[in-house]
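A quick write-up on the structure given underneath.
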2 protein chains.
Amino acid sequence: MRVLVVEDEPHIAAAVERGLRAEGFGVDTAEDGEKGLLLARRNEYAVIVLDLMLPGRNGYDVCRTLRASDVMTPVLILTAKDGEYDEADALDLGADDYLTKPFSFVVLLARIRALLRRGAPQRPAVLTAGDLWLDPGAHRCGRGESLLELTPREFALLEYLLRHPDTVVSKTELLAEVWDAWFEGDPNIVEVYVGYLRRKIDTPFGRAAIETVRGVGYRLDGKGG
Amino acid sequence: MRVLVVEDEPHIAAAVERGLRAEGFGVDTAEDGEKGLLLARRNEYAVIVLDLMLPGRNGYDVCRTLRASDVMTPVLILTAKDGEYDEADALDLGADDYLTKPFSFVVLLARIRALLRRGAPQRPAVLTAGDLWLDPGAHRCGRGESLLELTPREFALLEYLLRHPDTVVSKTELLAEVWDAWFEGDPNIVEVYVGYLRRKIDTPFGRAAIETVRGVGYRLDGKGG
DNA sequence: GACGCCCCTGAGAGCACGCTGAGAGCGCGG
DNA sequence: CCGCGCTCTCAGCGTGCTCTCAGGGGCGTC
């Protein structure tokens with residue numbers, strides 16, 4: 001899930017970037033409108049966070065140009081409260097939401113999530129497969145009554161599998177989504193972590209939620225094994 | 001005192017708007033859910049009057065989305081008596097009151113006044129987690145009978161955690177919310193203050209209300225540890 | 001039935017992350 | 001002007017997580 005941040009004030013850009021990364025987003029930044037446009041056209045972003053006051057090509061211009069070239073990525077506009085621009089204009093130009101500085105980071109996150117939700121179907125708060133459950137918000141998971149202690153990596157892996165139940169996910173896909181899009185290490189790492197997971201969520205319960213599909217990948221049984 | 005009316009039937013919208021204006025309210029109207037959402041997010045309303053049967057995005061959806069993006073403005077739901085929706089559902093979604101059409105304007109006004117009296121952000125006077133309690137108004141907190149002496153920063157941190165019990169809050173989020181939205185210092189400060197807090201609220205009582213979720217953040221146990 | 005590929009697993013190295021103690025800076029009150 | 005308390009920085013340390021590697025075993029194929 002990648003986000004593009006177009007913002008010329010370095011400390012704001014850095015704070016937003018750091019925060020979004022901590023929330024699991026991939027982040028690209030651009031310090032002016034020109035670069036923002038380039039990146040927005042070249043890549044597929046889930047959301048674009050766009051400052052209005054930019055050197056050179058301003059946010060209005062960027063937003064209009066994007067829409068004109070059929071880039072329909074949701075755009076969230078940032079601007080100073082006392083700016084010369086009006087929020088109504090921004091929304092007319094095809095922006096999807098609007099936030100005035102200074103704003104709380106949590107609000108920014110909530111807005112971004114809301115934008116993402118609009119496009120995607122609503123996801124339930126807790127993911128389950130049979131008696132196996134995982135709560136992304138509380139960062140907890142378990143099998144029936146038992147709470148399971150997972151490391152961050154194990155948790156991320158299980159979460160991904162639970163989001164794609166009864167579907168074979170390839171090792172490459174897991175590497176890209178759970179690890180890093182540009183992961184270059186030993187792909188064996190996936191097998192290792194699937195092993196760790198099985199020892200925690202399957203073996204103690206005599207179940208087998210994660211099935212190996214030889215030569216293809218892994219499949220999580222929607223009924224928990 | 002502004003009110004947002006989201007209603008697609010023009011004559012009802014007009015009647016409600018006229019009536020509310022006569023009572024001294026500022027009124028914005030939206031004829032569908034999408035516009036309603038935009039306005040609700042953009043502006044601060046005292047109350048939102050929301051019809052359930054709307055073209056496109058219906059009232060349920062609007063209400064749920066608003067709550068999900070942390071807009072806590074009181075919502076009063078309007079709906080036809082024989083509609084397919086149930087009152088209980090509406091309240092579950094985070095609506096605050098409920099009125100079936102046809103309704104008398106006087107009743108609508110009374111309900112709106114009641115909602116305003118309740119106060120917009122319906123916050124409990126005292127936040128608790130098990131025997132741990134914090135009174136934001138009195139600026140006091142304690143564990144059971146014992147009063148705890150916290151510095152302002154410690155207090156703010158605990159308050160934030162208590163407002164998000166059983167949820168993992170990231171260090172970034174804490175930096176942004178308890179410190180400053182654009183905090184640039186050493187993020188280690190969060191660990192330091194969590195340490196201070198634990199020494200005051202956990203160690204002396206042999207409890208562990210604040211749990212560390214490695215690589216993600218901290219979680220306050222809703223039962224106080 | 002034999003071979004080869006893929007997967008599994010145990011051991012271990014490296015290191016990132018979080019915790020803590022010490023102390024500097026600063027504002028405020030005495 | 002001094003002392004106190006709060007905030008924040010910094011560096012060291014320990015834990016346990018992540019990842020690598022190599023060997024063994026299972027499954028499919030020929």
Closest to side chain of Pro152(B), choosing from dT18(D), dC10(D), dC6(D): dC6(D)

Mutual orientation of the aromatic rings belonging to Phe155(B) and His139(B) [parallel < 30°, tilted 30-60°, perpendicular > 60°]: parallel

Any residue meeting ring pair (Phe, Tyr, Trp, His ring centres under 6.0 Å) with Phe205(A), in chain and number order, not counting sequence neighbours: none

Below 4.0 Å: OP1/OP2 of dT18(D) and any side-chain N or O of Trp179(A): no

Donor on one side chain, acceptor on other, Thr212(B) and Arg198(B), under 3.5 Å: yes

Whole angstrom value for the distance that separates P of dC8(D) from CD of Glu154(B): 11 Å

Sugar-phosphate only, base, or nothing, as touched by Val192(A) at under 4.0 Å among non-hydrogen atoms: base

Interatomic distance where CD1 belongs to Ile189(A) and P belongs to dC8(C) [whole Å]: 13 Å

Arg153(A) CZ - dA16(C) C1' separation (whole Å): 12 Å

Integer-rounded Å distance: dC8(C) C1' and Leu197(A) CG: 14 Å

Lys200(A) NZ to dG16(D) P, straight-line distance once rounded to whole Å: 12 Å

hbond_proxy Tyr196(A) side chain to dC8(C) base (donor-acceptor, 3.5 Å cutoff): no

Per-nucleotide protein contact string for nucleotides 1-7 of chain C (B base, S sugar-phosphate only, - none; heavy atom under 4.0 Å): ----BBB

Over 12 foreign heavy atoms within 6.0 Å of CZ, Arg2(B): yes

Residues in side-chain hydrogen bond (donor to acceptor under 3.5 Å, both in side chains) contact with Lys171(A), at least two apart in sequence or another chain: Glu191(A)

Phe155(A) CZ to dG16(D) P, straight-line distance once rounded to whole Å: 20 Å

Between dG16(D) (P) and Glu149(A) (CD): distance, integer Å: 11 Å

From CZ (Arg143(B)) to CG (Leu132(B)), nearest 0.5 Å: 5.0 Å

d(CG, Asp186(B); C1', dG12(D)) in whole Å: 14 Å

Aromatic ring proximity, centroids under 6.0 angstrom, Trp179(A) and Tyr193(A): yes

